[in-house]
Amino acid sequence: MKQPAQNEPYDVVVVGGGPAGATAAHDLAGVGVRVLLLDRGGRIKPCGGAIPPRLIRDFGIPDHLLVAKARCARMIAPSDQRVDIPIENGFVGLVDREVFDEWLRARAVEAGAVRCTGTFERIERTDDGLAVIHFRHRLDDGAERTASVRARCVIGADGARSEVARQAVPGSDRGRFVFAYHEIVRAPEQPGPDYDGSRCDVYYRGELSPDFYGWVFPHGATLSVGTGSADKGFSLRHATSALRRAAGLDGLPTVRREGAPIPLKPLPRWDDGRNVVLAGDAAGVVAPASGEGIYYAMAGGRFAAEAAREFLATDNVRALAQARKRFMREHGRVFWVLGVMQHFWYSSDKRRERFVSICRDKDVQTLTFDAYMNKRLVRKRPMAHVRIFVKDMAHLLGLARV
(Lines give C-alpha, C1' and ligand atoms only; values in the text may rest on other atoms or scores of the structure.)
Protein backbone atom coordinates (compact mmCIF):
# COMPACT_ATOMS: atom_id res chain seq x y z
CA MET A 1 0.00 0.00 0.00
CA LYS A 2 1.56 3.28 -1.12
CA GLN A 3 1.89 5.95 1.59
CA PRO A 4 1.23 9.58 0.66
CA ALA A 5 4.07 12.05 1.11
CA GLN A 6 3.58 15.04 3.39
CA ASN A 7 1.61 17.77 1.56
CA GLU A 8 1.44 15.62 -1.58
CA PRO A 9 -1.02 17.13 -4.08
CA TYR A 10 -4.10 15.26 -5.29
CA ASP A 11 -7.04 16.20 -7.43
CA VAL A 12 -9.51 14.58 -5.01
CA VAL A 13 -9.25 13.17 -1.50
CA VAL A 14 -12.04 10.75 -0.64
CA VAL A 15 -12.56 10.46 3.11
CA GLY A 16 -14.14 7.11 3.96
CA GLY A 17 -13.69 3.72 2.31
CA GLY A 18 -17.20 2.26 2.53
CA PRO A 19 -19.31 1.58 -0.57
CA ALA A 20 -19.83 5.29 -1.30
CA GLY A 21 -16.21 6.37 -0.91
CA ALA A 22 -14.73 3.31 -2.62
CA THR A 23 -17.10 3.75 -5.58
CA ALA A 24 -16.25 7.45 -5.93
CA ALA A 25 -12.52 6.70 -5.75
CA HIS A 26 -12.83 3.89 -8.31
CA ASP A 27 -14.81 5.99 -10.78
CA LEU A 28 -12.45 8.96 -10.53
CA ALA A 29 -9.22 6.96 -10.67
CA GLY A 30 -10.56 5.06 -13.67
CA VAL A 31 -10.60 8.25 -15.76
CA GLY A 32 -7.16 9.41 -14.67
CA VAL A 33 -7.99 11.64 -11.72
CA ARG A 34 -5.35 11.64 -8.96
CA VAL A 35 -7.24 10.24 -5.96
CA LEU A 36 -6.33 9.51 -2.37
CA LEU A 37 -8.73 7.15 -0.59
CA LEU A 38 -8.42 7.80 3.14
CA ASP A 39 -10.04 5.06 5.20
CA ARG A 40 -9.74 4.55 8.94
CA GLY A 41 -10.06 0.78 8.64
CA GLY A 42 -11.18 -1.81 11.18
CA ARG A 43 -14.87 -0.89 11.04
CA ILE A 44 -17.73 -3.08 9.86
CA LYS A 45 -21.13 -1.45 9.58
CA PRO A 46 -24.15 -3.34 10.99
CA CYS A 47 -26.02 -4.29 7.85
CA GLY A 48 -28.20 -7.08 6.51
CA GLY A 49 -26.05 -6.98 3.40
CA ALA A 50 -28.83 -7.09 0.78
CA ILE A 51 -27.96 -5.87 -2.71
CA PRO A 52 -30.55 -5.77 -5.51
CA PRO A 53 -29.98 -6.82 -9.13
CA ARG A 54 -29.60 -3.23 -10.30
CA LEU A 55 -26.60 -2.74 -8.01
CA ILE A 56 -25.02 -5.94 -9.28
CA ARG A 57 -25.51 -4.75 -12.88
CA ASP A 58 -24.61 -1.09 -12.48
CA PHE A 59 -21.47 -1.65 -10.43
CA GLY A 60 -20.18 -4.92 -11.89
CA ILE A 61 -20.33 -7.03 -8.74
CA PRO A 62 -18.96 -10.55 -9.33
CA ASP A 63 -20.98 -13.56 -8.27
CA HIS A 64 -18.31 -14.85 -5.88
CA LEU A 65 -19.02 -11.96 -3.49
CA LEU A 66 -22.59 -13.16 -2.95
CA VAL A 67 -22.64 -15.32 0.16
CA ALA A 68 -26.34 -16.09 -0.38
CA LYS A 69 -29.13 -15.43 -2.86
CA ALA A 70 -32.52 -14.64 -1.37
CA ARG A 71 -35.45 -15.84 -3.44
CA CYS A 72 -38.17 -15.10 -0.91
CA ALA A 73 -39.00 -12.47 1.72
CA ARG A 74 -41.15 -13.35 4.73
CA MET A 75 -43.07 -10.59 6.52
CA ILE A 76 -43.98 -11.46 10.12
CA ALA A 77 -46.69 -9.49 11.95
CA PRO A 78 -47.18 -8.94 15.71
CA SER A 79 -49.78 -11.75 15.75
CA ASP A 80 -47.22 -14.02 14.04
CA GLN A 81 -49.17 -14.08 10.77
CA ARG A 82 -46.60 -14.73 8.06
CA VAL A 83 -46.63 -13.58 4.46
CA ASP A 84 -44.13 -15.11 2.06
CA ILE A 85 -43.31 -12.98 -0.96
CA PRO A 86 -41.46 -14.92 -3.66
CA ILE A 87 -38.86 -13.01 -5.67
CA GLU A 88 -39.93 -14.09 -9.13
CA ASN A 89 -37.47 -14.30 -12.02
CA GLY A 90 -34.48 -13.29 -9.95
CA PHE A 91 -32.94 -12.96 -6.52
CA VAL A 92 -31.57 -10.45 -4.03
CA GLY A 93 -27.88 -10.91 -3.35
CA LEU A 94 -26.49 -11.02 0.19
CA VAL A 95 -22.93 -9.92 0.95
CA ASP A 96 -20.64 -9.97 3.95
CA ARG A 97 -19.80 -6.30 4.44
CA GLU A 98 -16.31 -7.05 5.75
CA VAL A 99 -15.39 -8.84 2.51
CA PHE A 100 -17.54 -6.73 0.18
CA ASP A 101 -16.25 -3.34 1.34
CA GLU A 102 -12.64 -4.51 1.19
CA TRP A 103 -13.15 -5.75 -2.37
CA LEU A 104 -14.51 -2.33 -3.36
CA ARG A 105 -11.48 -0.59 -1.84
CA ALA A 106 -9.08 -2.97 -3.58
CA ARG A 107 -10.86 -2.34 -6.89
CA ALA A 108 -10.40 1.39 -6.44
CA VAL A 109 -6.66 0.84 -5.93
CA GLU A 110 -6.52 -1.35 -9.05
CA ALA A 111 -8.09 1.54 -10.97
CA GLY A 112 -5.27 3.83 -9.79
CA ALA A 113 -6.40 5.32 -6.46
CA VAL A 114 -3.82 5.69 -3.67
CA ARG A 115 -5.09 4.12 -0.46
CA CYS A 116 -4.10 5.25 3.00
CA THR A 117 -5.25 4.00 6.40
CA GLY A 118 -5.83 6.94 8.69
CA THR A 119 -8.36 9.03 10.57
CA PHE A 120 -9.52 12.37 9.22
CA GLU A 121 -9.04 15.31 11.60
CA ARG A 122 -9.70 18.63 9.85
CA ILE A 123 -9.70 20.66 6.65
CA GLU A 124 -7.85 23.94 6.20
CA ARG A 125 -7.83 26.26 3.19
CA THR A 126 -4.89 27.71 1.31
CA ASP A 127 -4.86 31.17 -0.24
CA ASP A 128 -5.18 29.63 -3.69
CA GLY A 129 -8.36 27.73 -2.76
CA LEU A 130 -6.91 24.28 -2.20
CA ALA A 131 -8.02 22.10 0.70
CA VAL A 132 -5.40 20.83 3.15
CA ILE A 133 -6.62 17.59 4.70
CA HIS A 134 -5.05 16.72 8.06
CA PHE A 135 -5.28 13.16 9.35
CA ARG A 136 -3.70 10.67 11.71
CA HIS A 137 -1.84 8.16 9.59
CA ARG A 138 -1.21 4.57 10.64
CA LEU A 139 2.22 3.28 9.60
CA ASP A 140 3.04 -0.30 8.65
CA ASP A 141 4.50 -0.95 12.11
CA GLY A 142 1.24 0.15 13.77
CA ALA A 143 2.52 3.53 14.94
CA GLU A 144 0.63 6.73 14.10
CA ARG A 145 1.78 10.12 12.91
CA THR A 146 0.04 13.29 11.87
CA ALA A 147 0.09 13.92 8.14
CA SER A 148 -1.54 16.21 5.59
CA VAL A 149 -2.17 16.31 1.85
CA ARG A 150 -3.54 18.95 -0.49
CA ALA A 151 -6.45 18.54 -2.88
CA ARG A 152 -8.60 20.55 -5.23
CA CYS A 153 -11.71 18.68 -4.07
CA VAL A 154 -12.81 16.58 -1.07
CA ILE A 155 -15.52 13.90 -1.06
CA GLY A 156 -16.81 13.26 2.46
CA ALA A 157 -17.98 9.65 2.65
CA ASP A 158 -17.09 9.11 6.30
CA GLY A 159 -20.39 7.80 7.61
CA ALA A 160 -23.50 8.93 9.43
CA ARG A 161 -21.59 11.05 11.94
CA SER A 162 -19.43 12.57 9.23
CA GLU A 163 -16.70 14.80 10.56
CA VAL A 164 -16.19 16.24 7.07
CA ALA A 165 -19.85 17.22 6.95
CA ARG A 166 -19.78 18.67 10.46
CA GLN A 167 -16.83 20.89 9.66
CA ALA A 168 -17.67 21.93 6.12
CA VAL A 169 -21.32 21.61 5.10
CA PRO A 170 -24.07 23.89 6.47
CA GLY A 171 -27.14 22.02 7.76
CA SER A 172 -25.29 18.77 8.42
CA ASP A 173 -26.68 18.75 11.98
CA ARG A 174 -30.22 18.28 10.65
CA GLY A 175 -29.94 14.56 9.95
CA ARG A 176 -32.34 11.96 11.38
CA PHE A 177 -31.09 8.57 12.50
CA VAL A 178 -32.11 5.06 13.35
CA PHE A 179 -29.65 3.27 15.60
CA ALA A 180 -29.00 -0.20 14.22
CA TYR A 181 -27.54 -3.23 15.94
CA HIS A 182 -27.01 -6.75 14.67
CA GLU A 183 -25.31 -9.99 15.59
CA ILE A 184 -23.65 -12.28 13.09
CA VAL A 185 -24.42 -15.83 14.19
CA ARG A 186 -23.51 -19.24 12.82
CA ALA A 187 -26.16 -20.80 10.62
CA PRO A 188 -27.66 -23.96 12.16
CA GLU A 189 -25.84 -27.16 11.25
CA GLN A 190 -29.09 -29.08 11.44
CA PRO A 191 -31.78 -26.65 10.24
CA GLY A 192 -35.33 -27.08 11.43
CA PRO A 193 -38.25 -27.56 9.03
CA ASP A 194 -39.00 -23.81 8.94
CA TYR A 195 -35.42 -22.69 8.22
CA ASP A 196 -34.65 -21.49 4.69
CA GLY A 197 -31.21 -20.19 3.79
CA SER A 198 -32.62 -18.43 0.73
CA ARG A 199 -35.25 -16.40 2.62
CA CYS A 200 -35.04 -13.01 4.31
CA ASP A 201 -37.29 -12.69 7.38
CA VAL A 202 -38.57 -9.26 8.44
CA TYR A 203 -40.31 -8.91 11.82
CA TYR A 204 -42.77 -6.06 12.36
CA ARG A 205 -43.33 -6.11 16.12
CA GLY A 206 -43.25 -3.30 18.62
CA GLU A 207 -41.33 -5.43 21.13
CA LEU A 208 -38.52 -5.79 18.57
CA SER A 209 -38.61 -2.16 17.44
CA PRO A 210 -41.08 0.61 18.28
CA ASP A 211 -40.52 2.39 14.95
CA PHE A 212 -38.52 0.14 12.62
CA TYR A 213 -38.24 -3.64 12.22
CA GLY A 214 -36.16 -6.68 13.09
CA TRP A 215 -34.46 -8.85 10.49
CA VAL A 216 -32.94 -12.27 9.95
CA PHE A 217 -30.94 -12.32 6.71
CA PRO A 218 -29.03 -15.37 5.44
CA HIS A 219 -25.29 -15.04 4.80
CA GLY A 220 -24.48 -18.57 3.78
CA ALA A 221 -22.54 -20.00 6.73
CA THR A 222 -23.83 -17.21 8.98
CA LEU A 223 -26.91 -15.05 9.58
CA SER A 224 -27.36 -11.35 10.25
CA VAL A 225 -29.89 -10.92 13.08
CA GLY A 226 -30.68 -7.39 14.15
CA THR A 227 -33.01 -4.48 14.70
CA GLY A 228 -33.05 -0.70 14.80
CA SER A 229 -34.85 2.23 16.40
CA ALA A 230 -34.69 6.00 16.65
CA ASP A 231 -35.70 5.67 20.34
CA LYS A 232 -32.44 6.07 22.26
CA GLY A 233 -34.02 4.51 25.34
CA PHE A 234 -34.94 1.30 23.53
CA SER A 235 -32.54 -1.60 24.17
CA LEU A 236 -31.46 -2.96 20.79
CA ARG A 237 -29.41 -5.73 22.43
CA HIS A 238 -32.39 -7.00 24.43
CA ALA A 239 -34.60 -6.76 21.37
CA THR A 240 -32.10 -8.72 19.29
CA SER A 241 -31.99 -11.39 21.98
CA ALA A 242 -35.79 -11.56 21.84
CA LEU A 243 -35.64 -11.77 18.05
CA ARG A 244 -33.18 -14.67 18.20
CA ARG A 245 -35.53 -16.51 20.56
CA ALA A 246 -38.53 -15.84 18.32
CA ALA A 247 -36.61 -17.11 15.29
CA GLY A 248 -35.24 -20.16 17.11
CA LEU A 249 -31.66 -18.90 16.82
CA ASP A 250 -30.84 -18.18 20.46
CA GLY A 251 -28.62 -21.23 20.91
CA LEU A 252 -26.34 -20.52 17.94
CA PRO A 253 -22.76 -19.23 18.39
CA THR A 254 -22.27 -15.47 17.91
CA VAL A 255 -19.45 -14.48 15.56
CA ARG A 256 -19.49 -10.73 16.16
CA ARG A 257 -21.69 -7.83 17.28
CA GLU A 258 -21.91 -4.41 15.62
CA GLY A 259 -23.88 -1.20 16.08
CA ALA A 260 -24.02 2.21 14.43
CA PRO A 261 -26.34 5.12 13.61
CA ILE A 262 -28.10 4.81 10.23
CA PRO A 263 -29.37 8.05 8.59
CA LEU A 264 -32.91 8.01 7.23
CA LYS A 265 -33.21 11.43 5.62
CA PRO A 266 -31.03 13.04 2.94
CA LEU A 267 -29.34 16.19 4.21
CA PRO A 268 -30.68 19.46 2.76
CA ARG A 269 -27.28 20.24 1.30
CA TRP A 270 -24.35 18.04 0.26
CA ASP A 271 -21.68 20.60 -0.64
CA ASP A 272 -19.99 23.60 0.94
CA GLY A 273 -20.03 25.82 -2.15
CA ARG A 274 -16.23 25.66 -2.35
CA ASN A 275 -14.65 22.24 -2.83
CA VAL A 276 -16.37 19.67 -0.57
CA VAL A 277 -19.21 17.30 -1.52
CA LEU A 278 -20.77 14.47 0.53
CA ALA A 279 -21.78 10.92 -0.39
CA GLY A 280 -23.35 7.86 1.22
CA ASP A 281 -24.31 7.89 4.89
CA ALA A 282 -22.57 11.25 5.26
CA ALA A 283 -25.21 12.67 2.89
CA GLY A 284 -28.04 10.79 4.65
CA VAL A 285 -28.94 8.43 1.81
CA VAL A 286 -30.35 5.34 3.47
CA ALA A 287 -33.90 4.53 2.43
CA PRO A 288 -36.61 5.06 5.08
CA ALA A 289 -38.84 2.09 5.97
CA SER A 290 -36.49 -0.46 4.41
CA GLY A 291 -33.18 0.80 5.80
CA GLU A 292 -31.50 -0.15 2.53
CA GLY A 293 -28.26 1.73 2.07
CA ILE A 294 -25.66 -0.09 -0.02
CA TYR A 295 -27.17 0.68 -3.42
CA TYR A 296 -27.94 4.28 -2.52
CA ALA A 297 -24.45 4.76 -1.07
CA MET A 298 -22.82 3.53 -4.25
CA ALA A 299 -25.16 5.58 -6.43
CA GLY A 300 -24.39 8.64 -4.30
CA GLY A 301 -20.67 7.94 -4.58
CA ARG A 302 -20.99 7.82 -8.36
CA PHE A 303 -22.94 11.09 -8.45
CA ALA A 304 -20.34 12.72 -6.19
CA ALA A 305 -17.56 11.52 -8.50
CA GLU A 306 -19.35 12.96 -11.51
CA ALA A 307 -19.82 16.28 -9.72
CA ALA A 308 -16.15 16.34 -8.68
CA ARG A 309 -15.04 15.70 -12.26
CA GLU A 310 -17.15 18.60 -13.52
CA PHE A 311 -15.74 20.83 -10.80
CA LEU A 312 -12.16 19.85 -11.68
CA ALA A 313 -12.81 20.54 -15.36
CA THR A 314 -14.56 23.89 -14.94
CA ASP A 315 -13.64 25.32 -11.51
CA ASN A 316 -17.36 26.07 -11.22
CA VAL A 317 -18.40 25.37 -7.63
CA ARG A 318 -22.02 24.96 -8.69
CA ALA A 319 -21.04 21.64 -10.24
CA LEU A 320 -20.76 20.16 -6.74
CA ALA A 321 -24.45 20.78 -6.04
CA GLN A 322 -25.31 18.52 -8.98
CA ALA A 323 -24.54 15.44 -6.89
CA ARG A 324 -27.58 15.99 -4.68
CA LYS A 325 -29.80 17.28 -7.51
CA ARG A 326 -29.16 14.21 -9.66
CA PHE A 327 -29.61 11.80 -6.79
CA MET A 328 -32.89 13.34 -5.66
CA ARG A 329 -34.17 13.56 -9.23
CA GLU A 330 -33.73 9.81 -9.57
CA HIS A 331 -34.52 8.59 -6.04
CA GLY A 332 -36.18 11.44 -4.13
CA ARG A 333 -39.73 10.28 -4.80
CA VAL A 334 -38.97 6.77 -3.56
CA PHE A 335 -37.47 8.22 -0.37
CA TRP A 336 -40.56 10.37 0.18
CA VAL A 337 -42.96 7.45 -0.31
CA LEU A 338 -40.93 5.22 2.02
CA GLY A 339 -40.73 7.97 4.63
CA VAL A 340 -44.50 8.37 4.68
CA MET A 341 -44.91 4.61 4.83
CA GLN A 342 -42.58 4.25 7.81
CA HIS A 343 -44.18 7.14 9.69
CA PHE A 344 -47.65 5.68 9.33
CA TRP A 345 -47.38 1.89 9.21
CA TYR A 346 -44.63 1.44 11.81
CA SER A 347 -46.30 3.54 14.48
CA SER A 348 -48.28 0.79 16.30
CA ASP A 349 -48.72 -2.97 16.31
CA LYS A 350 -52.27 -2.55 15.02
CA ARG A 351 -50.96 -0.75 11.96
CA ARG A 352 -48.08 -3.19 11.57
CA GLU A 353 -50.64 -5.99 11.49
CA ARG A 354 -52.54 -4.27 8.71
CA PHE A 355 -49.34 -3.52 6.84
CA VAL A 356 -48.34 -7.18 6.75
CA SER A 357 -51.86 -8.05 5.68
CA ILE A 358 -51.57 -5.66 2.74
CA CYS A 359 -48.41 -7.47 1.71
CA ARG A 360 -50.49 -10.55 0.87
CA ASP A 361 -51.84 -8.69 -2.13
CA LYS A 362 -50.27 -9.81 -5.43
CA ASP A 363 -50.41 -6.31 -6.92
CA VAL A 364 -48.52 -4.94 -3.92
CA GLN A 365 -45.95 -7.73 -4.12
CA THR A 366 -45.34 -7.30 -7.85
CA LEU A 367 -45.02 -3.52 -7.85
CA THR A 368 -43.01 -3.43 -4.61
CA PHE A 369 -40.41 -5.86 -5.87
CA ASP A 370 -40.29 -4.25 -9.31
CA ALA A 371 -39.46 -0.97 -7.57
CA TYR A 372 -36.94 -2.59 -5.21
CA MET A 373 -35.12 -4.64 -7.85
CA ASN A 374 -34.86 -1.78 -10.34
CA LYS A 375 -34.70 1.19 -7.93
CA ARG A 376 -37.45 3.26 -9.44
CA LEU A 377 -41.20 3.56 -9.04
CA VAL A 378 -42.92 1.47 -11.66
CA ARG A 379 -45.07 3.59 -13.97
CA LYS A 380 -46.55 0.79 -16.05
CA ARG A 381 -49.69 -1.16 -15.09
CA PRO A 382 -51.68 1.92 -13.94
CA MET A 383 -54.73 -0.15 -12.95
CA ALA A 384 -52.59 -2.07 -10.47
CA HIS A 385 -51.72 1.25 -8.82
CA VAL A 386 -55.42 2.16 -8.68
CA ARG A 387 -56.29 -1.19 -7.06
CA ILE A 388 -53.51 -0.75 -4.50
CA PHE A 389 -54.75 2.74 -3.65
CA VAL A 390 -58.30 1.46 -3.05
CA LYS A 391 -57.03 -1.41 -0.90
CA ASP A 392 -54.74 0.89 1.09
CA MET A 393 -57.64 3.23 1.83
CA ALA A 394 -59.71 0.27 3.02
CA HIS A 395 -56.95 -0.71 5.42
CA LEU A 396 -56.42 2.85 6.60
CA LEU A 397 -60.13 3.23 7.34
CA GLY A 398 -60.33 -0.19 9.00
CA LEU A 399 -62.72 -1.57 6.40
CA ALA A 400 -60.50 -4.43 5.30
CA ARG A 401 -60.16 -7.73 7.11
CA VAL A 402 -56.77 -8.47 8.65
Side-chain angles (χ1 to χ4, degrees), residues 14-24 39-40 43 45-48 50-52 55 97 101 120 123 154-181 209 211-213 228-232 259-273 276-308 320-343 346 372 375-377:
V14 180
V15 181
T23 298
D39 181 54
R40 63 178 177 170
R43 186 77 175 93
K45 180 181 175 182
C47 176
I51 60 173
L55 185 155
R97 286 293 301 271
D101 289 15
F120 169 83
I123 298 177
V154 178
I155 295 178
D158 51 333
R161 300 294 193 190
S162 168
E163 186 61 20
V164 174
R166 189 190 70 80
Q167 292 186 26
V169 179
S172 62
D173 58 345
R174 292 168 59 184
R176 292 173 46 214
F177 301 94
V178 160
F179 295 87
Y181 171 80
S209 173
D211 51 3
F212 204 55
Y213 62 80
S229 176
D231 183 349
K232 294 182 179 180
I262 307 296
L264 288 184
K265 182 178 181 181
L267 292 180
R269 181 171 177 174
W270 294 3
D271 71 285
D272 68 342
V276 174
V277 63
L278 305 177
D281 281 10
V285 293
V286 175
S290 70
E292 184 196 359
I294 302 176
Y295 170 78
Y296 294 113
M298 295 178 74
R302 179 153 288 175
F303 284 129
E306 292 173 358
L320 298 176
Q322 291 302 312
R324 188 182 191 280
K325 289 180 180 179
R326 291 167 183 164
F327 183 96
M328 297 304 292
R329 187 181 303 127
E330 184 159 349
H331 303 296
R333 184 176 296 180
V334 171
F335 273 52
W336 183 83
V337 169
L338 291 175
V340 171
M341 187 180 100
Q342 178 177 345
H343 177 75
Y346 294 8
Y372 173 79
K375 289 292 163 278
R376 55 172 57 96
L377 294 177

Can you give me the closest heavy-atom contact between L264 and V178, atom names plus distance? CD1-CG2, 2.9 Å
When you measure from the side chain of S162 to the backbone of A282, do you find a donor-acceptor pair of N or O atoms at a distance under 3.5 Å? no
Please identify each residue that fulfils side chain to side chain contact (heavy atoms under 4.5 Å, CB included) with R329, with sequence neighbours left out. K325, R326
Who are the ring-ring contact (aromatic ring centres under 6.0 Å, His included) partners of F335, not counting sequence neighbours? Y296, F327
For E163, enumerate each residue passing the side chain to side chain donor-acceptor pair (under 3.5 Å) test, keeping only those at least two apart in sequence or located in another chain. R166, Q167
Can you tell me how far apart OG (S229) and CD1 (I262) are? Round to the nearest 0.5 Å. 12.5 Å
Straight-line distance of K232 NZ to F177 CZ, nearest 0.5 Å: 9.0 Å
Donor-acceptor pair, D158 side chain versus F120 backbone, under 3.5 Å? no
Could you tell me whether the side chain of D211 and the main chain of A230 form a donor-acceptor pair under 3.5 Å? yes
How close do V286 and P263 get, counting heavy atoms only, and between which atoms? CB-O, 2.9 Å
Of all the heavy-atom pairs spanning V154 and V15, show the shortest one and how long it is. CG1-CG2, 4.2 Å
Identify, with sequence neighbours excluded, every residue that meets side chain to side chain contact (heavy atoms under 4.5 Å, CB included) alongside R176. K265
Could you grab the distance from atom OG1 of T23 to atom CE of M298, nearest 0.5 Å is fine? 3.5 Å
L278 vs I155 side-chain heavy atoms within contact, under 4.5 Å: no
Looking only at heavy atoms, the pair that brings D39 and G17 closest together is OD1-N, 3.0 Å
Tell me, with the steps shown, if C47 and I294 meet side-chain contact (heavy atoms from CB on, under 4.5 Å). CA-CA 9 Å; C47 176; I294 302 176; 3.8 Å; yes
Side chain to side chain contact (heavy atoms under 4.5 Å, CB included) against A260, all qualifying residues, sequence neighbours excluded: R43, P46
Has Y213 got a side-chain atom pairing as donor or acceptor with S290's backbone, closer than 3.5 angstrom? yes
Taking only residues two or more places apart in sequence, or in another chain, which ones meet F212 in a ring-ring contact (aromatic ring centres under 6.0 Å, His included)? none
Of all heavy-atom pairs between L338 and A287, which one has the smallest distance, and what is that distance? CD1-CB, 3.8 Å
Where G171 and L267 come nearest, the two heavy atoms and their spacing: O-CD2, 4.1 Å
